[in-house]
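Lettering of chains follows the sequences in order, A, B, ..., and the numbering in each one begins at 1.
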Protein chains: 2
Amino acid sequence: MDQPPLGRRAQQRQQRLAQILAAAEQVFATAGFEGASMAAIAAAAGLPKANLHYYFGTKEALYAALLEELLRLWLSATDAIRPDSAPDAALESYIRAKMEWSRSRPHASKLFANEVLRGAPLLSAHLAGGLRAQVEEKSAVLRGWIAEGRMAPVEPRHLFFAIWAMTQTYADFETQIRLVLDVPALGEREFEDGVATVLRLVLGGLALRA
Amino acid sequence: MDQPPLGRRAQQRQQRLAQILAAAEQVFATAGFEGASMAAIAAAAGLPKANLHYYFGTKEALYAALLEELLRLWLSATDAIRPDSAPDAALESYIRAKMEWSRSRPHASKLFANEVLRGAPLLSAHLAGGLRAQVEEKSAVLRGWIAEGRMAPVEPRHLFFAIWAMTQTYADFETQIRLVLDVPALGEREFEDGVATVLRLVLGGLALRA
DNA sequence: GTCTATAAAGGGATAGAC
DNA sequence: GTCTATCCCTTTATAGAC
């Protein structure tokens, strides 16, 4: 993606941008768009407030830049679901990828959840465009497997909704899960139990395992 | 709950309170705590702003009153899960109740989601208290069924997380589901497909149906 | 009890020195 | 490019007339 001959100035610029984006992701994720203040983001980034405006112009532009990056992540996880794949391996791979995303990028997941809760004012076009197209494409693959008797009949789009919900809940509802389980933070143990549960429901529910 | 001899004044007071709470639930649900303004809530309730302060004092008190009511709903849905129940009927009843709640009270679900995303500052005590206790109690019932061989082995608490996620997503992520399905609003058809999908995954995954 | 007017605080954004 | 000081608007909350 990056052209190699990047001057020292451009490098520093990239670093500043990344520094601001990381701080913004964290603050927006837990406070939401309205709840996050530019002052709080600046403090998290260790920079004066005016610096953020120099790099991104407005609060909304900074927020939009984060969503932009987020969408690439969202749309890149379904690669394993292809007509020539084995249904059980494909779905297991997809579920593990989604769960790993919740573990490693919880702020991104929460940011996305906040935006959708608000009615997705900055994301509607992408949801109705790229995401819908991808869901349709992958649903066709699943319908093919069902027609061949390789998988129990299910409405594929609702299966995706269920998988998204079960995996993302470990990021978005982390607070609730942590308090119910009475652990200080979600760790390996909790994510392993989560993966095992989701795999049992999906693979078992679709007659893909004993 | 209400004492019968309620004077006309008290009746009007109750009506005003309900009117404000309904408007506040809707505004807080989509805008979040910070994003919602007392002016917007007042407009939705058809009252001047000062009226809200007269009845509830502060914005946070109004918000807290909504969460209070919400918790009663959350904690009342697991009644069907009892040691002497049939596992499949109990879980089906629970799933249908949770899904019906997403259909009939989407604003309440979104309000809850917003609060948990924020780290549940006003809800931590209840999540670690009443909710945890209830989950432990019902998990013990499920472990009993598993020990008797009436249900496939699963970590009961994570099963609850999965059921909560799959059912609440039809309220919280309604915008995304609507756009992916390309429908103007979620209707009977969509909720029936959702219930069917969740039942297949849970009952099938736990070896409670063919 | 109800409403208008306003006080007090905090927010995004920018001007202008360096 | 970077930072301080500040403008201007919105927001919560209340005072005080009715």
Side-chain angles (χ1 to χ4, degrees), chain A residues 6-68 111 114-115 118-119 121-122, chain B residues 6-67 111 114-115 117-119 121-122:
Chain A
L6 220 54
R8 222 169 269 164
R9 306 297 286 246
Q11 272 188 11
Q12 258 199 2
R13 179 182 171 80
Q14 289 301 319
Q15 192 189 337
R16 283 268 188 267
L17 287 173
Q19 183 181 3
I20 294 170
L21 285 169
E25 180 176 290
Q26 184 182 359
V27 175
F28 278 128
T30 52
F33 177 75
E34 304 278 356
S37 72
M38 293 297 270
I41 296 171
L47 292 172
K49 204 172 51 161
N51 225 323
L52 274 58
H53 285 284
Y54 173 74
Y55 279 106
F56 288 94
T58 68
K59 180 182 176 182
E60 187 170 330
L62 172 55
Y63 183 73
L66 284 171
L67 288 179
E68 198 78 23
L111 185 68
N114 261 309
E115 176 64 9
R118 295 174 56 75
L122 297 182
Chain B
L6 221 53
R8 220 170 270 164
R9 306 297 285 247
Q11 272 188 8
Q12 258 201 0
R13 179 183 171 80
Q14 290 300 320
Q15 192 190 338
R16 282 270 188 266
L17 288 172
Q19 183 180 5
I20 294 170
L21 285 169
E25 182 177 289
Q26 185 183 359
V27 175
F28 277 129
T30 51
F33 177 74
E34 304 277 356
S37 74
M38 294 296 269
I41 297 171
L47 292 171
K49 208 171 48 164
N51 227 322
L52 274 57
H53 285 286
Y54 172 75
Y55 280 106
F56 287 94
T58 68
K59 178 182 175 180
E60 186 170 332
L62 172 55
Y63 183 73
L66 282 171
L67 288 179
L111 185 68
N114 261 310
E115 176 65 9
L117 269 174
R118 294 174 56 77
L122 297 182

Within residues 40-51 of chain A, which residues have any heavy atom lying less than 4.0 Å from an atom of DNA chain C? A:K49, A:A50
N/O (side chain, A:Y54) to phosphate O (OP1/OP2, D:dT2) under 4.0 Å: no
Which heavy atom of A:F28 sits nearest to which heavy atom of A:N114, and what is that distance? O-ND2, 3.7 Å
Can you identify which nucleotide, out of D:dG1, C:dG12, D:dT11, has its nearest atom closest to the B:S37 side chain? D:dT11
Close side-chain approach of B:Y55 and B:R13, heavy atoms under 4.5 Å: yes
In whole angstroms, how far is the P atom of C:dG11 from the NE2 atom of A:H53? 12 Å
Expressed in angstrom and rounded to an integer, what is the separation of A:E60 atom CD from C:dA13 atom C1'? 14 Å
B:F56 atom CZ is separated from D:dT12 atom P, nearest whole Å, by 16 Å
More than 12 non-hydrogen atoms from neighbouring residues, nucleotides or ligands closer than 6.0 Å to CD on A:Q11, yes or no? yes
May I ask you to say what B:A36 touches in the nucleic acid, namely base, sugar-phosphate or nothing, with a heavy-atom cut-off under 4.0 Å? sugar-phosphate
Calculate the interatomic distance between A:L52 atom CG and D:dT2 atom P; express it in whole Å. 12 Å
For the residue pair B:L21 and B:L66, what are the closest heavy atoms and their distance? O-CD2, 3.5 Å
B:E34 CD to C:dG12 P, straight-line distance once rounded to whole Å: 11 Å
For the CD atom on A:Q12, are there more than 12 heavy atoms of other groups (residues, nucleotides or ligands in this structure) within a distance under 6.0 Å? no
What is the distance, rounded to the nearest whole Å, between atom OH of A:Y63 and atom C1' of C:dG12? 17 Å
Can you give each donor-acceptor pair under 3.5 Å made by side-chain atoms of residues 34-49 of chain A, sequence neighbours left out, with the distance rounded to 0.1 Å?
residue	atom	partner	partner atom	Å
A:S37	OG	A:A40	N	3.0

Interatomic distance, A:Q19 CD vs D:dG1 C1' [rounded to whole Å]: 14 Å
What is the nucleic acid contact for A:Y55, judged by heavy atoms within less than 4.0 Å: base, sugar-phosphate only, or nothing? sugar-phosphate
Spacing between B:M38 atom CE and D:dT14 atom P, to the nearest angstrom: 10 Å
A:Q19 and A:R16: side chain donor to acceptor below 3.5 Å: yes
Is there a side-chain contact between A:R16 and the phosphate of D:dT2, meaning an N or O under 4.0 Å from OP1 or OP2? yes
